[in-house]
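What follows is a set of notes on a single structure, which appears directly below.
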Amino acid sequence: MLITQGALQQESEVVRYGAGGLLPNKAPPCGGIVDILVEKCLPGTESQAYLQTLLDALRGKYSLIKKSFRLNRAKSSLK
């Protein structure tokens with residue numbers, strides 16, 4: 001819904017649900033909060049490779065370490 005409203009225009013942003021953030025459809029247990037990192041992926045082979053790397057790591061093929069540095073714009077890399 002945020003994306004269709006024109007929000008989340010940065011390359012990466014943290015969205016908070018729960019106390020002090022957006023109100024989710026279902027409240028987190030014990031009034032907790034959830035912070036979600038949202039990254040913009042544009043169509044193309046670079047994004048496909050990035051997403052495939054994430055999927056492979058989630059499937060347990062290997063572990064990965066993500067490093068981000070915020071200078072003028074957020075950048076990320078996978079290892």
**Report entry** Inter-residue atom distance Leu37.CG - Glu13.CD, 0.5 Å rounding
**Finding:**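 Reported to 0.5 Å precision, the distance equals 9.5 Å.
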Query raised in the report: To the nearest 0.5 Å, how far apart are CD in Glu11 and CG in Leu42?
Result: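 These two atoms lie 8.0 Å from each other.
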**Report entry** Contact summary for Gln10 and Lys40, nearest pair of heavy atoms
**Finding:**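 Shortest heavy-atom contact: O-CB, 3.9 Å.
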Query raised in the report: By side-chain contact (heavy atoms from CB on, under 4.5 Å), which residues pair with Gln52, not counting sequence neighbours?
Result: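 With sequence neighbours excluded, Gln52 shows a side-chain contact (heavy atoms from CB on, under 4.5 Å) to Leu55, Asp56, given in chain and number order.
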Query raised in the report: Has the side chain of Ser12 got a donor or acceptor atom that lies under 3.5 Å from a matching backbone atom of Val38?
Result: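 A pair under 3.5 Å: no.
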Report task. Answer yes or no: is there a donor N or O on one side and an acceptor on the other, between the side chain of Ser47 and the main chain of Pro43, under 3.5 Å? Result ->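 Not a single qualifying donor-acceptor pair exists.
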Query raised in the report: Side-chain contact, heavy-atom cut-off 4.5 Å: Leu51 with Thr53?
Result: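 Sidechains of Thr53 and Leu51: no contact.
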